[in-house]
Amino acid sequence: MGDFAEKHQGLMNMLKILVGVIVIVAIVNALGIFKSTTVAVEIEDEVFTIIYEDEAVVQFSKDDIQSAELVTTFTMGDAVESISEKKYIVGTWENEDWGQYTLCIKQSVESYIVLTTTDGAVCVFNYESVDSTEAMCSALLAW
C-alpha cells in the first residue's frame, strides 16, 4: 500500500485540495456570505408582481391600477415593517402623503414609480436603473 501512495502522491494531494475547495464552497453557500439580494418584476396572466428574495412584496392585476407616476423624490416617512440593506429597502412605510404604503426600492436609483391602486393602496418602487424605471412606468401606463 505504501508504494501506491508514493506513486500517486500528486493525485492524492490534488484530491485533498479538491475536497477542501468543495468544503469551503459549501460553507460559504450555507452561510450566504456571497448571496446576492435580488428584486424581480413579473407580469404574468395580467398580474404584476414585485418579488424580493423569492417572496412577493406586492401583487395586483392590470385592472387594479388607478395611476402610475414617475417621481425623483418623495418623503419616505417612518418604517412600519422594513428590511433595509446595502442595496434595497423593502417593506411597509408610513408618511403624511399616503399613510401606510409599500416600498421596494434599489437605493442607488433616484427615480421612483408611485403606483396607486383602485382601492387606494400605494406602492413606491424602482427597477435596476433610472432608464429601466422610466421604461417600467411607461409600460405600466400603456398596459
Side-chain angles (χ1 to χ4, degrees), residues 1 4-5 7-143:
M1 197 77 157
F4 179 82
K7 287 181 180 178
H8 295 80
Q9 187 64 37
L11 180 61
M12 301 277 284
N13 287 340
M14 271 185 26
L15 286 173
K16 287 179 184 177
I17 291 169
L18 181 60
V19 168
V21 168
I22 290 171
V23 168
I24 290 169
V25 168
I27 290 170
V28 166
N29 282 338
L31 295 175
I33 292 172
F34 295 112
K35 185 177 179 183
S36 175
T37 53
T38 59
V39 169
V41 173
E42 291 182 358
I43 298 175
E44 194 173 287
D45 297 327
E46 298 203 5
V47 174
F48 180 87
T49 307
I50 300 173
I51 300 164
Y52 173 78
E53 290 296 304
D54 299 325
E55 290 188 33
V57 174
V58 68
Q59 187 173 55
F60 51 84
S61 73
K62 177 181 179 179
D63 296 333
D64 290 339
I65 299 173
Q66 180 176 342
S67 66
E69 175 186 7
L70 191 66
V71 299
T72 55
T73 61
F74 69 98
T75 303
M76 285 178 59
D78 299 314
V80 175
E81 185 176 334
S82 175
I83 298 169
S84 294
E85 44 108 343
K86 185 177 181 178
K87 211 172 187 182
Y88 297 101
I89 301 175
V90 179
T92 303
W93 286 68
E94 187 170 19
N95 69 16
E96 290 182 13
D97 297 324
W98 308 307
Q100 281 197 3
Y101 68 98
T102 303
L103 180 69
C104 186
I105 59 169
K106 184 174 183 179
Q107 294 194 62
S108 63
V109 177
E110 293 183 2
S111 181
Y112 314 95
I113 298 170
V114 178
L115 187 133
T116 305
T117 63
T118 54
D119 65 0
V122 173
C123 176
V124 178
F125 67 101
N126 58 17
Y127 190 68
E128 293 180 358
S129 68
V130 171
D131 291 340
S132 296
T133 300
E134 290 173 1
M136 177 72 64
C137 189
S138 296
L140 282 170
L141 290 170
W143 186 37

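For reference, positions follow the sequence shown, starting with 1.
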J.: Looking at CD of E55 and OG1 of T49, how far apart are the two atoms once the value is rounded to the nearest 0.5 Å?
T.: 13.0 Å
J.: Any pair with a residue in residues 92-101 that passes side chain to side chain donor-acceptor pair (under 3.5 Å), sequence neighbours left out, goes on the list, sorted by first then second residue, please.
T.: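 Residue pairs with at least one partner in residues 92-101: S82-W93.
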J.: Between C137 and E69, what is the shortest heavy-atom contact and its length?
T.: SG-C, 4.1 Å
J.: After noting the C-alpha distance and the side-chain angles of C104 and I50, does the key distance pass the side chain to side chain contact (heavy atoms under 4.5 Å, CB included) rule?
T.: CA-CA 8 Å; C104 186; I50 300 173; 3.6 Å; yes
J.: Any idea which heavy atoms bring T102 and V57 closest together, and the distance?
T.: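 So the two residues come closest at CG2-CG1, 3.6 Å.
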J.: For residues E110 and V130, report the shortest heavy-atom separation together with the two atoms involved.
T.: N-CG2, 4.3 Å
J.: Please step through side-chain hydrogen bond (donor to acceptor under 3.5 Å, both in side chains) for the pair D119 and T117, ending with a clear verdict.
T.: CA-CA 5 Å; D119 65 0; T117 63; 2.4 Å; yes
J.: Within the supplied structure, the quantity of interest is the number of heavy atoms (other residues, nucleotides, ligands) at a distance under 6.0 Å from Q107 CD; does it exceed 12?
T.: yes
J.: Counting only pairs under 3.5 Å, give me each side-chain donor-acceptor contact of residues 70-77, with atom names and distances, residues two or more places apart or in other chains.
T.:
none

J.: Taking E128's backbone N and O only, do any of them form a donor-acceptor pair with S132's side chain (distance below 3.5 Å, no angle check)?
T.: no
J.: Could you walk me through whether L140 and L115 pass the side chain to side chain contact (heavy atoms under 4.5 Å, CB included) test, one step at a time?
T.: CA-CA 9 Å; L140 282 170; L115 187 133; 3.8 Å; yes
J.: Has the side chain of D64 got a donor or acceptor atom that lies under 3.5 Å from a matching backbone atom of T118?
T.: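 Judged by distance alone, no pair lies under 3.5 Å.
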J.: Any heavy-atom pair between the side chains of Y88 and I105 that's under 4.5 Å?
T.: no
J.: Taking all atoms of both residues into account, what is the closest heavy-atom pair of T133 and I113, and its distance?
T.: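 Closest approach of T133 to I113: O-CD1, 3.5 Å.
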J.: Give the intermediate values and the outcome of side chain to side chain contact (heavy atoms under 4.5 Å, CB included) for residues L103 and I89.
T.: CA-CA 7 Å; L103 180 69; I89 301 175; 3.7 Å; yes
J.: Apply ring-ring contact (aromatic ring centres under 6.0 Å, His included) to F48 and list each qualifying residue two or more places apart in sequence or on a separate chain.
T.: F60, F125
